[in-house]
Amino acid sequence: MAEPAAPIPSSTIPRTEPPASIDEIIAVQEEIFCERQHESRRLAQRAGHALAGGVTSSWQITRPQPVWLSHGKGSKIYDVDGNEYVDLHGGYGAALAGHGHPAIVEAVRGQVALGTHFAQPTPAAILVAEELTRRFGLPLWRFANSGTEATMDAVHLMRAITGRDLIIKIEGGYHGHHDSVQVSVCPEADQVGPANRPAQVPSSTGIPQAITDLTLVAGFNDLDGVARLLDENPGRVAGMIIEPIMMNAGIILPEPGYLAGLKELLHSGGALLTFDEVKTGLTAGPGGATGVTGVVPDIMCLAKAIGGGVSVAAVGGTEEAMGHVATGDYEMVGTFNGNPLAMAACRAMLCEVATPAAYQRIDALRQRAVAGLQREIDRNGLAAQVVAVGAKGCVVFTAEPVRDFRGFLGIDDSYSHAHWLYQHNGGVFLPPWGKIEQWLISVQHDEADIDRLVTNFAAFAAALGSVR
Ligand SMILES: Cc1ncc(COP(=O)(O)O)c(C=O)c1O
């Protein structure tokens with residue numbers, strides 16, 4: 001393995017003087033990017049013969065080329081070319097513990113020696129469930145292996161409890177890749193239909209029309225839209241699945257009263273409310289978006305960060321909702337559910353890593369990031385804003401406040417891509433996929449990591465500000 005190289009100080013990144021356009025900025029930065037990634041390119045080419053598309057998940061196909069990693073340590077990750085990065089990608093929001101956290105290493109190592117799979121429960125599962133109850137205010141839990149499995153079970157459960165087929169989801173919301181929620185995830189402007197009556201757009205090939213028809217779509221922060229769907233479909237809506245803080249479109253915050261209003265509306269229509277806290281779970285705060293907003297749903301889905309980097313998910317609910325699981329009315333099953341390795345990592349994550357002191361530290365780092373980035377936005381007169389909550393945050397390249405997917409749709413993605421390239425070339429790995437994703441600050445980041453983010457952004461902002 002190559003020795004990790006020191007990150008390139010952003011001040012030494014060559015720039016055009018002054019750039020003619022955002023496209024020119026991107027072209028220059030992509031060239032620098034590729035110049036630093038020869039081994040990644042070699043692996044990508046070789047992988048193309050053995051891995052479909054040359055990657056292990058389609059979202060790893062990034063422009064200008066996928067980045068292959070060798071390892072991670074603390075707040076840093078290292079690519080196969082030996083470049084070091086401050087990891088603010090966080091594995092799409094899962095790496096809240098950072099990398100090689102001693103508590104996670106010890107928990108996993110200990111469990112590996114004792115057996116990694118039985119398909120019978122182990123005591124750690126009780127500790128994990130009790131801790132989830134303490135944090136999220138829901139009494140009963142089960143486990144799964146990915147966010148997709150958790151939201152699939154939640155949708156099944158809402159249907160099983162109510163005996164109804166229709167569900168409501170948010171336009172622009174992502175809840176994993178099972179059929180019922182693969183509707184209107186990121187529809188194009190010419191597909192979305194009128195704002196007060198969003199179209200139901202299948203988000204992938206392979207999703208049957210019959211399933212798409214069962215998933216109704218409403219705008220985020222639009223209570224009237226949900227009221228209309230309930231009115232038009234009396235006694236037919238099983239429930240609604242929503243990220244309480246929307247994180248598939250930068251970050252969109254719920255307006256005051258929106259989530260409480262949803263719960264009331266849905267209950268008055270005999271329907272249930274599921275919060276998808278797969279992303280927000282431990283990252284929006286110790287009790288997730290539920291803790292931030294004070295609204296407790298009927299059913300909740302967790303995944304990503306709760307496993308400390310090991311694949312695990314959880315579905316929690318009220319006595320009433322999870323009673324249908326307890327009685328076997330809905331069979332929530334899976335060979336690897338409650339897997340002892342995952343439970344050991346999850347227990348360590350909840351009890352030893354995501355501590356009150358860790359959240360205090362993350363809060364201070366977030367404030368430092370927001371202040372630094374906003375200062376550069378203001379200094380360069382950019383039409384942009386910083387939106388951040390807990391360990392998550394992003395720069396949104398529009399001056400207008402964004403309250404739903406329609407507002408997000410109009411944002412020019414090239415600014416986010418150029419920003420990503422600047423950060424990458426300056427030694428900070430933000431999540432790819434432009435305007436959609438957010439950074440994740442882990443418990444192992446420090447002030448110097450945040451300052452590197454801000455320094456790179458300052459260079460980008462200056463380049464943007466000087467576009468001829
Ligand atoms: C809000 C949300 N729900 C569900 C999922 C699906 O999780 P997984 O990729 O673990 O299946 C994701 C993944 O990004 C997500 O962001």
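Positions are given from 1 along the sequence. We count ligands from 1, going down the list as the structure has it; atoms in each ligand are counted the same way. Values below: all heavy atoms of this structure, side chains included; hydrogens, waters and symmetry mates excluded. Note that the structure is predicted; figures quoted are calculated from it, not measured.
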Passing option when His178 is tested against Asp153, Thr148, Thr151 for side chain to side chain donor-acceptor pair (under 3.5 Å):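 Exactly one candidate clears the test, Thr151.
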Nearest-neighbour protein heavy atom for atom 3 (N) of ligand 1, which is reported as residue plus atom name and distance: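 I find the closest protein heavy atom is Asp276 OD2, 2.6 Å.
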Atom 4 (C) of ligand 1 - nearest protein heavy atom and its distance: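 Checking every protein heavy atom, the shortest distance to atom 4 (C) of ligand 1 gives His175 C, 3.4 Å.
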Which is it for [X] and ligand 1 at heavy atoms under 4.0 Å: side chain, backbone, both or neither?
| X | answer |
| --- | --- |
| Lys304 | side chain |
| Tyr92 | neither |
| Glu149 | neither |
| Thr148 | both |

Any N/O pair Glu243/ligand 1 closer than 3.5 Å: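 Among all N and O atoms of Glu243, none is under 3.5 Å from an N or O of ligand 1.
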N/O separation below 3.5 Å, Gly147 to ligand 1: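 Yes.
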Atoms of ligand 1, numbered as shown, that sit under 4.0 Å from any heavy atom of Lys279: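 Matching atoms, with element in brackets: 16 (O).
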Charged N to carboxylate O below 4.0 Å: is that the case for [X] and [Y]?
| X | Y | answer |
| --- | --- | --- |
| Lys73 | Glu84 | no |
| Arg134 | Glu131 | yes |
| Asp363 | Arg366 | yes |

Full working for salt bridge (Lys or Arg N to Asp or Glu O under 4.0 Å) between Lys263 and Asp298: CA-CA 9 Å; Lys263 185 170 169 180; Asp298 301 298; 5.5 Å; no
Any donor-acceptor pair under 3.5 Å from Thr116 side chain to Leu341 backbone: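 It does not hold such a pair.
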Heavy-atom pair with the smallest gap, counting every atom of Ala289 and Pro244: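 Result for this residue pair: CB-CG, 3.4 Å.
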